[in-house]
Amino acid sequence: HGQSDHTIAEANSERLVDALDVPTAELWSVEKAEHVGTYKVEPEAYTARVTEFFVKHLGHGVKTL
């Protein structure tokens with residue numbers, strides 16, 4: 001979630017993560033990111049996290065970048 005998001009409050013993202021009731025669920029909060037702006041602020045970290053998620057949840061057929 002972008003901490004500078006003026007469209008959706010971070011509290012909404014926190015509630016979504018809490019509602020999942022999944023111990024491994026996590027909220028990634030990026031300080032200077034605006035709404036849908038995380039990639040713009042942290043492109044390398046964003047790419048690594050998204051790739052890691054797909055590899056973890058979709059299996060070995062996913063190629064890393």
Side-chain angles (χ1 to χ4, degrees):
H1 190 93
Q3 291 180 10
S4 295
D5 187 340
H6 300 293
T7 304
I8 299 175
E10 187 170 9
N12 291 338
S13 294
E14 292 167 350
R15 284 194 291 272
L16 286 171
V17 171
D18 290 342
L20 288 172
D21 195 30
V22 176
T24 57
E26 65 179 84
L27 174 62
W28 182 34
S29 183
V30 178
E31 185 178 346
K32 295 179 182 180
E34 295 179 1
H35 188 66
V36 297
T38 304
Y39 179 81
K40 184 177 180 181
V41 175
E42 295 282 347
E44 291 179 15
Y46 181 93
T47 301
R49 283 175 172 265
V50 170
T51 301
E52 180 182 318
F53 176 86
F54 283 122
V55 168
K56 180 178 179 181
H57 295 285
L58 297 178
H60 305 302
V62 177
K63 293 183 179 181
T64 59
L65 300 176

Report yes if the side chains of I8 and H1 come closer than 4.5 Å at any heavy-atom pair, otherwise no. yes
Partners meeting ring pair (Phe, Tyr, Trp, His ring centres under 6.0 Å) with H57 (sequence neighbours left out): F53
Could you give the side-chain donor-acceptor pairs of residues 17-34 under 3.5 Å, partners two or more places apart or in another chain?
| unit_1 | atom_1 | unit_2 | atom_2 | d |
| --- | --- | --- | --- | --- |
| E26 | OE2 | R49 | NH1 | 3.1 |
| S29 | OG | Q3 | NE2 | 2.9 |
| S29 | OG | E10 | OE2 | 2.5 |

Around atom CD of E52, are there more than 12 heavy atoms from other residues, nucleotides or ligands closer than 6.0 Å? no
Is it possible for you to say whether V36 and Y39 belong to one hydrophobic cluster, with membership spreading through side-chain heavy-atom contacts below 4.5 Å? no
